[in-house]
A.B. asks: 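One structure, as structure tokens, below. Some questions next.
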There are 2 protein chains.
Amino acid sequence: MRKYGNGKFKLTPQRIAILDYLDGNRSHPSAEDIYKSVLKRFPTMSFATVYNTLDALRKSGDILELTIDPEKKRFDPDTKLHHHLICIKCKSIVDIHRKFSLNITSKEVGGFEIVGNHIEFYGICPKCRKQS
Amino acid sequence: MRKYGNGKFKLTPQRIAILDYLDGNRSHPSAEDIYKSVLKRFPTMSFATVYNTLDALRKSGDILELTIDPEKKRFDPDTKLHHHLICIKCKSIVDIHRKFSLNITSKEVGGFEIVGNHIEFYGICPKCRKQS
DNA sequence: TTATCATATTAGAATAATTCTTGTCAAGTA
DNA sequence: TACTTGACAAGAATTATTCTAATATGATAA
């Protein structure tokens, strides 16, 4: 498993279970998804622990918090720069690992100091296309 | 004022007040922003009316619901294709009215039918740059 | 190994945004 | 005028998330 937490990140069984679930996970799970999954191994697991752990991981830069879904936050253990393709019907999300050149002029940014970008592609996934 | 609602959208005084507030508004207001503003003219205004009106306008395609802000939804009366530049400190949002060519191959989209895209540029706004 | 200490865990309460419910009201229409 | 439809308002309900306070535990140093 990949290394998480920079330095003072205490590895508890609960956290290991959360990390196990996140590691390599491409489903962009919500806090509830994570909670439900980890609950199987830790019946006493609390939502607070999930949120605390996710917050610690976010602060150490080990996961990203996605604001793509209006209903809830989703989390992504892939912190390499990438973009997302979102199904507007079932809200599934897939990664687009590619760079796009977005040349934006200093005039356009109006004094902002640009630090990053993120592209959301909207579409209808194969499964949902079949159903309609 | 611009025309809102496609057909059967009953123009009531409350709705007109909401539309007045939205019309040409570039601040990407939240439901609360709208509520607070309209409350001045309509002290009996209910949150439900704000949400109902916003929902009707969204369904008729007259406004966009932005999921940029993890705390709350924001609304944008500008439905022309455009992108956003977001200050990571104060969360202010400004529009980028320009097309970017995002050529994405059918292989990359894995069977998705693409219907649109949206670019979020992240940065630090002039005001926040001064403060730090 | 054991004692200590900072930090993690837990349950549940609190909060905040949003949605739902229900009764009332008003505009338009037969 | 009576009817119908949809809008309004108030507040309850819901959902995601954060906070609180008491307890437990992992990491470290003796």
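No experiment lies behind these values; they were computed from the predicted model shown. Here is how names work: the chains are called A, B, and so on, in the same order as the sequence lines, proteins then strands, and each is numbered from 1. FYI, side chains are in, hydrogens and waters are out, and symmetry mates aren't considered; it's all heavy atoms of this structure.
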A.B. asks: Using OP1 and OP2 only, check whether a side-chain N or O of A:Y51 sits under 4.0 Å from D:dT18.
C.D. replies: no

A.B. asks: Holding to ring pair (Phe, Tyr, Trp, His ring centres under 6.0 Å), I want the full list of residues that pass it with A:Y51, two or more places apart in sequence or in another chain.
C.D. replies: A:F47

A.B. asks: Atom CZ of A:R74 and atom P of D:dA16: how far apart are they, to the nearest Å?
C.D. replies: 12 Å

A.B. asks: Answer yes or no: is there a donor N or O on one side and an acceptor on the other, between the side chain of A:R15 and the main chain of A:T53, under 3.5 Å?
C.D. replies: no

A.B. asks: Are there any protein N/O atoms within less than 3.5 Å of an N/O atom in nucleotides 4-7 of chain D, and if so, which ones and at what distance?
C.D. replies:
from, atom 1, to, atom 2, distance (Å)
D:dA7, OP1, B:R15, NH1, 3.2
D:dA7, OP1, B:R15, NH2, 3.4

A.B. asks: Exactly one of B:H28, B:E120, B:R74 should register a side chain to side chain donor-acceptor pair (under 3.5 Å) with B:H84. Which one does?
C.D. replies: B:H28

A.B. asks: Whole angstrom is fine here: how far is it from CD1 in A:I16 over to C1' in D:dT25?
C.D. replies: 13 Å

A.B. asks: Round to a whole Å and report the spacing from OH of B:Y35 to P of D:dA10.
C.D. replies: 8 Å

A.B. asks: Say whether, by atom type as modelled, one donor and one acceptor occur between the side chain of B:S101 and the main chain of B:N103 under 3.5 angstrom.
C.D. replies: no

A.B. asks: So which one's nearest nucleotide on DNA chain C is more toward 5', B:S30 or A:M45?
C.D. replies: A:M45

A.B. asks: Take B:D78 and B:H97 through the test side chain to side chain donor-acceptor pair (under 3.5 Å) and record every step on the way to the result.
C.D. replies: CA-CA 10 Å; B:D78 185 351; B:H97 272 281; 2.8 Å; yes

A.B. asks: D:dT15 C1' sits how many Å from A:D33 CG, rounded?
C.D. replies: 14 Å

A.B. asks: Look at the side chain of B:R129 and the backbone N and O of A:G111, then say whether any donor-acceptor pair between them is shorter than 3.5 Å.
C.D. replies: yes

A.B. asks: How many whole angstroms separate atom CD of A:E71 from atom P of D:dT15?
C.D. replies: 11 Å

A.B. asks: Any ion pair linking A:K72 and A:E32 (charged N to carboxylate O, less than 4.0 Å)?
C.D. replies: no

A.B. asks: Have a look at A:N52 and say if it touches a base, only the backbone sugar-phosphate, or nothing, with a 4.0 Å heavy-atom cut-off.
C.D. replies: base

A.B. asks: Could you tell me how far apart A:E65 (CD) and D:dT17 (C1') are, to the nearest whole angstrom?
C.D. replies: 10 Å

A.B. asks: Rounded to the Å, how far apart are B:K73 NZ and D:dA16 P?
C.D. replies: 12 Å

A.B. asks: Got a donor-acceptor contact below 3.5 angstrom from the A:S37 side chain to the A:D33 backbone?
C.D. replies: no

A.B. asks: At a heavy-atom distance below 4.0 Å, which nucleotide of DNA chain C is the first touched by chain A, and which is the last?
C.D. replies: C:dA6 to C:dA11

A.B. asks: For the atom pair NE2 (A:H82) and CG (A:L64), what is the distance rounded to the nearest 0.5 Å?
C.D. replies: 7.0 Å

